[in-house]
Amino acid sequence: MNVMQPIERIKGGVHEKERHESGHKHVTGTAEYIDDMPEPAGLLHAYLGLSQRAHAKILGIDFSAVEASPGVVGILTAKDIPGENDVSPAHLHDDPVFATDRVEFHGQPVFAVIAETREAARRAAAKVRVDYEDLPHVVDVAEAADAGYPLVVTPMTLERGDIEAGFSRARHVVEGEMRIGGQDHFYLEGQISLAVPGEDDEVALWCSTQHPSETQHMVGQVLGVASHAVTVNVRRMGGGFGGKETQANLFAAVAAVAAKKFGRAIKIRPDRDDDMTATGKRHDFRVTYRIGFDGDGRIEAVDATYAARCGFSADLSGPVTDRALFHADNCYFYPDVRLRSAPQKTNTVSNTAFRGFGGPQGMVGGERMIEEVAYALGKDPLEIRRLNFYGGEGRNLTPYHQTVEDNIIGRIVDELEASADYQARRSAILAINEKSRVIRKGIALTPVKFGISFTKTEFNQAGALVLVYADGSIQLNHGGTEMGQGLYTKVAQVVADEFQVDLSRIRVTATTTGKVPNTSATAASSGSDLNGMAAADACRQIKARLVAFAAERHGVPESEVVFEPNTVRIGAERIAFSDFIAAAYAARVQLSAAGFYKTPKIHWDRAAGRGRPFFYYAYGASCSEVSVDTLTGEYQVDRADILHDVGRSLNPAIDLGQVEGAFVQGMGWLTTEELWWDAKGRLRTHAPSTYKIPLASDRPRVFNVRLAEWSINREETIRRSKAVGEPPFMLAISVLEAISMAAASVADYRIPPRLDAPATPERVLMAIERLKAARR
Ligand code: MTE
Ligand code: MOS
C-alpha cells in the first residue's frame, strides 16, 4: 500500500506509435506460420488435381497411374465427401469442392491425391488421365453477355432523381466504356490448411483463413457434422488481402475430409502456380457510362453499368458488385443517377474479395467520368472534382439515399493541394511538356471517400474473450484475424488502455472458433472497429466487478476506484495492478469476460436500393507525378503525396504502414499487374515471371505520407478512430490519372486518353499512338 505517486503514462496505450506485435518475428523469421509448425506424427500431404479444360463434361477418370505413383496413399473425389459437396459462401450450392460430371473453368479442382510427402502427391496428381468432352466456353465478360450466360446473382440498381430529365438538362453528354483489370492477391504465404482428426466426428484445423467461423461452418457442412465438432485456429496469415475470406474454405474442407477418411493428420499447400490458377481474384470490370454536365463541368446526370467477370460461381460477387456501385460516386454528388450492376458468369475461376471489395473498380469508373468532363472542357480535372464534391444545400444525398454527414474531403484536398504544391507543379509540368519531345510528365490529385461497414448488416458484430490471470497478466482473444494489418496490436492497445496497464502485460492469443463463436470475416476494414469495441466491452465488465469489490473492501464510493497507470487508486491509496488483481482473485472475483459489439445506426434494403449501409466514411487524397516515355510507354512515379484520414489513429505507425502498403498495392493493380487468359481459357499469368507486382524500385521516388491528425470520427467508434485497411488502396488512382495526363499532352489535353487499367507500358503506348493519330 503506497502513498501518492506521480502518475505516468502506460507504455503502448491507444494513439501510440507502437510497433507491430510480431514485426520483429516477421523480420527474423521466427513468426510461426502453419508450414512452420511441428508436424504431427503420421502426417500425410494432399495435393489437388485441377481441370485442364475451361468447360467440359467429364466422361471418365483413369487414376491408375496416379495410384501407382510412389508414396501415394489414396485419392479423394466427390464420392468421398460424407456431407455436402459445396463450399458456397453465399449458400447458393454452386461451389463444389470437387467437380463431378462437369468442369466450368480451367484449374477447377477435380480430385486430390494423398501421399507420404507433398512432392509425391504433387507429382502423382499430374499423372491423371481425364476423358473430357469439350463444351463451348466463354472467358470474357462482354462475350459472356452476348452468349446469353446468366448473371451469378440478382443484379442491383441504385437510382435517384429523374435520369432522363437530368440528361435533357445537360449541355454536354458523353458516352464511353472502360475496362478495369483484376488482380491476384499475391499473399506471401499461400493457401494452406492442416487438419488433425479427433475422437468421434471431431476435427481440429489450422488454416490460413480470414474467416475462421465460416471455415468451421463449411468444413462441418462438407463432413456432414455439426459446427461443435470442428475447431479452426489461426495465429496469423502471411497476408490475406481478401483472398482468404472465402478461398481458404476449400483447402480446409479437403484436408478435413482426408483426415477423417485416412485417420491421419493432413496438410495441403498448393504451389504458387496452382494457387494462382485455382483461387479467385479481384473482379475485372467493364464499365459503360453516359454522363451529362453543364458548361462549367457540373455533373447533371450519370447512367452507368458495371459488369464484372465473376467466374463460374457466385462466391462474393453479389456484395462485391454492390460495393462497386456504392463507390461509383466517390466524393461527387450526382443530381440524377442510375447505376446498375451486371455480375456476369464466365468460365473462369470464381472471383472474390480483394482489398476494397469492388469499391476500387467503382471509384476508378467514377473518376474516369470526371476525366471525360475535364478533357471535354479543357480544364484541370481537380477543378471538376471540386465543383462536384458533396456539400451544400441539397447536395449530400448518395445514389443509395444515405446522407453524407461527415464530409471532410474539401479540407483534405485543400491541405494536400497546398502541401504538395500542386498548382505550381502542374504549371511547371505543362511548361515542361511543351518543350519535351519524348519524356512527358503528368500530375493528378484524386480524392477518396470509402464507406465503412459490411453492407450485409448482420456481419457487423464481434465478440472477444478477456482473461485476467491471478498474476495480473492478461490474455486477449477476439474474433478478428491477424494478416499483417496490425489488428492484434491495436486491440491489445485498447485493452491496455482500458485497464491502464502497459501493453507488455497483454498477450493476444491465436484466433480460434473455440473461444469466440459466430464471428465475421476480418474484412471490410472493420477488424479494429468491431473487435476493439468487443474487447473494450469485456474489459469494462471485468473492471465493473473489480470496482465493486474494491469499493466494498475499502469502504469507499465506486467513483473513488480509478484505474491509473499500472496502479489502482482506491480512495487515497494506490495499489500496484498485480497486487490488486491477486487480492481480487483471493476474494473470488470473476476475472474473465466475453465482450460483444454490434454496429449501431446501419440498415440496408438491397431490393429498394435504399438505406444507411455505412456507419461512416473514411477520406483521403493523393497527388502523384509521373514521367512517361512516349516512345516506349514506360513510366515511373516521381513523387506521391498523401493525406489520409483515419480519425484519431489507434496506432499512427501501423496506420502509416497500411496507407503506404495500400497505395503501392493499388499502384500495382492499376499499372503493372495484368491477368491474362488465353483462348482456351487458361490463365497464363500464374507466377511472378509473368505476373508483375510492384518492386521496391517501383515505389514513388519521393513519397510523403501523412495522416490527417486533426480528424476525429464523429461517430462513437473505438477511441474515435476510423478503419484504415482498404480506403488508402484507392489513393493509387492518382497514378493512373497522372499517366493519363502525360499521354493526353501529345494531343494538347483536348482528347480524353481513355486509358484502361492496368496502364501497362503497352497500353500507355497504344493510348499515346491513338491520341497522336487523332490529333493529326
Ligand atoms: N494489410 C496487410 N499487411 N495484409 C493484409 O492481408 N488485408 C487488407 C487490409 N490490410 C491486409 C492488410 C484487407 S483486404 C482488409 S479488409 C483489412 O486489412 C482487414 O483488416 P482490418 O479490418 O483489421 O483492417
Ligand atoms: Mo478485405 S477485401 O475486406 O478482406
Side-chain angles (χ1 to χ4, degrees), residues 46-66 75-81 84-90 92-113 121-122 124-141 143-144 147-152 182 191 218 222 246-247 249-251 253-254 257-258 268 270-271 273-281 283 309-315 317 344-352 675-686:
Y47 208 88
L48 293 176
L50 306 180
S51 158
Q52 299 301 310
R53 295 290 190 282
H55 192 194
K57 276 188 193 155
I58 296 179
L59 301 179
I61 308 183
D62 175 2
F63 285 114
S64 51
V66 181
I75 284 164
L76 226 52
T77 67
K79 292 195 194 81
D80 297 296
I81 291 177
E84 209 187 319
N85 180 22
D86 181 64
V87 288
S88 161
L92 295 172
H93 310 284
D94 61 351
D95 259 320
V97 177
F98 295 125
T100 49
D101 52 340
R102 218 156 77 108
V103 289
E104 294 199 272
F105 75 95
H106 190 283
Q108 183 169 1
V110 181
F111 66 96
V113 185
R122 196 173 74 89
K127 295 180 182 165
V128 73
R129 302 188 76 87
V130 183
D131 190 8
Y132 296 106
E133 181 190 313
D134 283 320
L135 298 167
H137 69 268
V138 188
V139 173
D140 178 73
V141 50
E143 282 167 25
Y149 264 49
L151 302 179
V152 291
Q191 302 284 347
M218 289 297 163
V222 171
T246 63
Q247 303 297 291
N249 295 338
L250 182 136
F251 298 93
V254 170
V257 171
I268 182 167
D271 66 16
D273 300 82
D274 287 344
D275 192 312
M276 289 184 76
T277 302
T279 67
K281 306 168 195 322
H283 294 68
R309 167 155 46 191
C310 296
F312 83 104
S313 72
D315 188 77
S317 294
Q344 184 65 57
K345 176 170 176 147
T346 49
N347 292 116
T348 48
V349 66
S350 192
N351 281 330
T352 194
L675 293 166
W676 196 77
W677 282 266
D678 69 11
K680 290 183 172 167
R682 296 179 295 188
L683 177 68
R684 302 309 257 171
T685 47
H686 50 72

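- Between Thr352 and Thr279, the closest side-chain pair of non-hydrogen atoms is not below 4.5 Å.
- Under a 3.5 Å cut-off, the side chain of Tyr149 and the backbone N or O of Val141 do not form any donor-acceptor pair.
- Interatomic distance, NZ of Lys79 versus OG1 of Thr100, reported as 9.5 Å (0.5 Å rounding).
- Nearest heavy-atom pair across Leu675 and Gly182 is CD1-C, 3.7 Å.
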Stepwise side chain to side chain contact (heavy atoms under 4.5 Å, CB included) check, Thr346 with Val139: CA-CA 5 Å; Thr346 49; Val139 173; 5.9 Å; no
Side-chain donor-acceptor distances from residues 49-63 under 3.5 Å, at least two apart:
from  : atom 1 : to     : atom 2 : distance (Å)
Ser51 : OG     : Arg53  : N      : 3.0
Ser51 : OG     : Arg53  : O      : 2.7
Ser51 : OG     : Phe105 : O      : 3.4
Gln52 : NE2    : Leu50  : O      : 3.1
Arg53 : NE     : Asp134 : OD1    : 3.1
His55 : ND1    : Pro136 : O      : 2.7
His55 : NE2    : Arg102 : NH1    : 3.2
Asp62 : OD1    : Ser64  : N      : 2.9
Asp62 : OD1    : Ser64  : OG     : 2.6
Asp62 : OD2    : Ser64  : OG     : 3.4

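- To the nearest 0.5 Å, the span separating NE2 on His686 from CH2 on Trp676 amounts to 11.5 Å.
- Thr246 has its side chain out of reach of Met218: every pair of non-hydrogen atoms, C-beta onward, lies at least 4.5 Å apart.
- Considering Ser88, Ser350, Ser313 as possible partners of Asp95, the one that fulfils the side chain to side chain donor-acceptor pair (under 3.5 Å) test is Ser313.
- Taking each heavy atom of Val349 and Gly280 in turn, the nearest pair found is CG2-N, 3.7 Å.
- The shortest distance between side-chain heavy atoms of Leu683 and Lys281 falls below 4.5 Å.
- Looking at heavy atoms from C-beta onward, Asp94 lies out of side-chain contact with Phe312 at the 4.5 angstrom threshold.
- Looking at heavy atoms from C-beta onward, Glu104 lies in side-chain contact with Lys345 at the 4.5 angstrom threshold.
- One distance of note links NE2 of His93 with CG of Asp86; it measures 6.5 Å at 0.5 Å rounding.
- Considering all non-hydrogen atoms of both residues, Ala253 and Val87 come closest at CB-CG1, 4.3 Å.
- Distance check: Asn351 CG to Ser317 OG gives 6.5 Å after rounding to the nearest 0.5 Å.
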Verdict with reasoning, Tyr47 to Asp271, per side chain to side chain contact (heavy atoms under 4.5 Å, CB included): CA-CA 9 Å; Tyr47 208 88; Asp271 66 16; 3.2 Å; yes
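- Going from atom OG1 of Thr348 over to atom NE2 of His137 covers 10.5 Å, rounded to the nearest 0.5 Å.
- Inter-residue side-chain proximity for Phe98 and Val254 is flagged as met; some heavy-atom pair is nearer than 4.5 Å.
- For the pair Leu48/Asp274, no side-chain contact is recorded, criterion being any heavy-atom separation below 4.5 Å from C-beta on.
- Contact annotation: the side chain of Gln247 approaches that of Gln191 to within less than 4.5 Å [non-hydrogen atoms, C-beta and beyond].
- Residue His283 holds its NE2 atom at 11.5 Å from CD of Gln344, rounded to the nearest 0.5 Å.
- Residues Ala314 and Leu92 come closest through the heavy atom pair CB-CD1, 3.5 Å.
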